[in-house]
There are 2 protein chains.
Amino acid sequence: MRILSELEGVAVGIITKHQPCTAYALRKELKDSPSSHWRGSAGAIYPLLERLEKEKLITTSADSSDGRGRRLLSVTTAGKQALRSWMRALNDNNRIAEVFDPLRTRVFFLDSLSRKEQLEFAEQTLSALESYLESTRIHLEDRPGNDLFGYLGARGGTLNAENRLEFIREVLHHLRKNNGGGGNRSG
Amino acid sequence: MRILSELEGVAVGIITKHQPCTAYALRKELKDSPSSHWRGSAGAIYPLLERLEKEKLITTSADSSDGRGRRLLSVTTAGKQALRSWMRALNDNNRIAEVFDPLRTRVFFLDSLSRKEQLEFAEQTLSALESYLESTRIHLEDRPGNDLFGYLGARGGTLNAENRLEFIREVLHHLRKNNGGGGNRSG
DNA sequence: TCCATCATGTAAACAGTTACATGATTGC
DNA sequence: GCAATCATGTAACTGTTTACATGATGGA
């Protein structure tokens with residue numbers, strides 16, 4: 001059995017938690033997640049679910065009581081197995097380094113901004129991160145108390161936001177310290 | 001002018017730092033980055049560079065002294081401008097939340113593993129993260145001392161690795177505390 | 001001379017986005 | 001009755017990956 005892609009793994013994981021649930025609910029969870037990367041777009045989710053169903057990792061059953069043609073998703077035993085393989089593939093394939101942070105990426109290229117723009121960039125990012133951190137905290141508090149791993153995952157989001165805030169503060173500190181040098185003067 | 005995609009922004013940023021440089025050097029920097037998401041694959045980079053050249057954000061000049069048909073890349077004034085717009089788009093478009101971490105993603109679904117597998121997962125991840133952290137530290141030390149933003153970007157990678165290590169330790173702590181409950185017994 | 005690295009590129013496949021399209025249900 | 005949300009899906013496009021393909025250079 002092939003290893004699931006990231007989005008497929010997440011999808012099977014979410015369905016496992018909420019089954020039986022609709023594709024719409026799955027999309028909503030992806031969209032509403034404070035730190036997300038995926039849009040939960042219909043064009044990604046529906047073909048993905050078709051794929052998973054064809055491979056018998058999920059089953060769908062039509063809900064005849066619903067006029068909207070609602071279909072309820074559940075994970076099969078093979079699907080649970082695939083989820084476990086996907087979990088383990090993180091360490092088996094050394095994918096631990098596959099992180100992505102659009103802020104850190106940009107810090108490498110701060111040189112391309114004028115000094116004034118650098119400070120603006122850092123200050124705006126700082127304030128955006130402060131509200132983002134707050135949203136991860138709200139998300140964390142709004143969870144049901146009995147779901148340890150849901151809590152830990154969300155807790156990871158908050159820890160990460162705190163870490164990035166600390167990082168941008170460090171950047172700002174360096175920018176203010178070097179108050180004469182650096183920076184492109186073309187701004 | 002359209003806003004550059006993430007990989008395009010990174011590419012223009014790297015070329016700006018090293019110009020004039022070859023596409024190969026750009027690909028190498030992407031491949032060798034300790035925390036990367038992008039493979040620097042030929043099929044991504046060459047079409048991307050064609051695109052940027054067509055839009056006059058970069059120029060290429062053939063190096064006639066090189067038998068391999070080496071082409072040297074440089075960023076134009078319009079390219080520098082595009083890089084600045086891309087930098088600012090982080091805050092203008094509220095993309096600060098677009099982070100991705102395959103470890104955190106999986107923690108949400110630890111429930112799908114048996115208790116033994118959960119511990120294995122966390123312990124293996126912990127040790128993988130320890131060596132990853134070490135590699136980010138080496139990367140940080142190996143930088144030229146005069147490049148502040150290169151230093152800060154790499155420093156962000158180390159901070160992030162430390163943060164994730166702290167996170168997995170917290171997860172492990174919870175797993176060990178709850179030593180009877182939780183976990184799928186089907187392992 | 002051989003091998004690792006430098007150097008460029010193409011083709012097929014796959015994944016994900018935006019935009020479009022339709023219709024039912026629920027609460028005000 | 002109207003609007004927000006629930007619910008499913010398709011089409012065109014874009015970007016990225018893997019695999020393939022070729023050849024030059026430099027050092028042991």
Side-chain angles (χ1 to χ4, degrees), chain A residues 2-12 15 18 20-33 36-55 58 60-73 86 89 93 95 98 100 102 105, chain B residues 2-12 15 18 20-33 36-55 58 60-73 86 89 93 95 98 100 102 105:
Chain A
R2 76 185 172 93
I3 295 297
L4 301 177
S5 71
E6 283 302 301
L7 184 54
E8 284 170 343
V10 171
V12 174
I15 300 168
H18 302 311
C21 68
T22 61
Y24 183 85
L26 165 62
R27 289 181 59 202
K28 199 161 159 30
E29 181 139 341
L30 287 168
K31 274 187 222 168
D32 296 351
S33 159
S36 214
H37 183 60
W38 291 293
R39 305 264 186 277
S41 37
I45 298 304
Y46 290 99
L48 179 151
L49 292 174
E50 248 173 67
R51 214 150 66 220
L52 294 178
E53 193 179 7
K54 200 151 73 185
E55 294 175 40
I58 61 170
T60 70
S61 60
D63 178 350
S64 54
S65 71
D66 186 285
R68 287 169 290 190
R70 199 181 196 237
R71 294 177 72 73
L72 295 170
L73 309 170
W86 172 77
N93 305 349
R95 291 173 114 83
E98 285 177 24
F100 173 71
T105 301
Chain B
R2 74 185 174 92
I3 295 296
L4 301 177
S5 72
E6 283 301 300
L7 183 54
E8 284 170 342
V10 171
V12 174
I15 300 168
H18 302 311
C21 68
T22 61
Y24 182 85
L26 164 62
R27 289 180 58 203
K28 199 161 160 31
E29 181 139 341
L30 287 167
K31 273 188 223 168
D32 296 351
S33 159
S36 213
H37 183 59
W38 291 294
R39 305 264 186 277
S41 38
I45 298 306
Y46 290 98
L48 179 151
L49 292 175
E50 248 174 68
R51 215 150 65 220
L52 294 179
E53 193 180 5
K54 200 152 72 186
E55 295 175 40
I58 61 169
T60 70
S61 60
D63 178 351
S64 54
S65 70
D66 187 285
R68 286 168 290 191
R70 200 181 194 235
R71 295 178 69 73
L72 295 170
L73 309 170
W86 171 78
N93 305 351
R95 290 174 114 83
E98 285 176 25
F100 173 72
T105 300

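Naming: A, B, ... by sequence-line order, numbering from 1 per chain. No experiment lies behind these values; they were computed from the predicted model shown. Below, all heavy atoms of this structure are taken into account, side chains as well, without hydrogens, waters or symmetry copies.
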Non-neighbouring partners of B:Arg39 that pass side-chain contact (heavy atoms from CB on, under 4.5 Å), sequence neighbours left out
A:Arg95, A:Glu98, B:Ser41

Could you work out, with side-chain contact (heavy atoms from CB on, under 4.5 Å) as the rule, every residue matching B:Pro20, not counting sequence neighbours?
B:Leu72, B:Ser74

I'd like a list of close polar pairs between nucleotides 24-28 of chain C and the protein, N/O only, cut-off under 3.5 Å.
unit_1	atom_1	unit_2	atom_2	d
C:dT25	OP1	A:Gly67	N	3.2

Output the distance between atom CD1 (A:Ile45) and atom CH2 (A:Trp38), rounded to the nearest 0.5 Å.
9.5 Å

How many angstroms lie between atom CG of A:Leu26 and atom CG of A:Leu48, to the nearest 0.5 angstrom?
8.0 Å

Name all residues meeting the salt bridge (charged side-chain N to carboxylate O under 4.0 Å, His left out) criterion together with A:Asp63; count only those two or more places apart in sequence or in a different chain, and write none if there are none.
A:Arg70

Using 0.5 Å steps for rounding, measure from the CG atom of B:Asn93 to the CD1 atom of B:Ile3.
7.0 Å

All heavy atoms of B:Pro47 vs all of B:Ala42, minimum pair found to be CD-O, 3.6 Å

Distance col, row B:Leu52:CG vs B:Ile58:CD1, nearest 0.5 angstrom, shows 5.0 Å

Under the salt bridge (charged side-chain N to carboxylate O under 4.0 Å, His left out) test, which residues partner B:Glu6, sequence neighbours left out?
A:Arg106

Computed from five pairs at either end and rounded to 10 degrees, the angle between the axes of the helix from C:dT1-D:dA28 to C:dC28-D:dG1 is 30°

Sugar-phosphate only, base, or nothing, as touched by B:Ala25 at under 4.0 Å among non-hydrogen atoms
nothing

Can you name the salt bridge (charged side-chain N to carboxylate O under 4.0 Å, His left out) partners of A:Glu55, sequence neighbours left out?
A:Arg2

Does B:Arg27 reach a base, just sugar-phosphate, or nothing at all? Heavy atoms under 4.0 Å.
base

Quick check: closest heavy atoms across B:Ala23 and B:Leu49, and the distance to 0.1 Å?
CB-CD1, 3.5 Å

Could you list where the contact with chain A starts and ends along DNA chain D, reading 5' to 3', using a 4.0 Å heavy-atom cut-off?
D:dT5 to D:dA11

Non-neighbouring partners of A:Lys28 that pass salt bridge (charged side-chain N to carboxylate O under 4.0 Å, His left out), sequence neighbours left out
A:Asp32

Sequence neighbours excluded - side-chain hydrogen bond (donor to acceptor under 3.5 Å, both in side chains) pairs with any residue from residues 42-53 of chain A
A:Glu8-A:Arg51, A:Glu53-A:Thr60

Between the protein and nucleotides 15-18 of chain C, which nitrogen or oxygen pairs are less than 3.5 angstrom apart?
unit_1	atom_1	unit_2	atom_2	d
C:dT17	OP1	A:Arg39	N	2.9
C:dT17	OP2	A:Ser41	OG	2.5
C:dT18	OP1	A:Arg39	NE	3.2

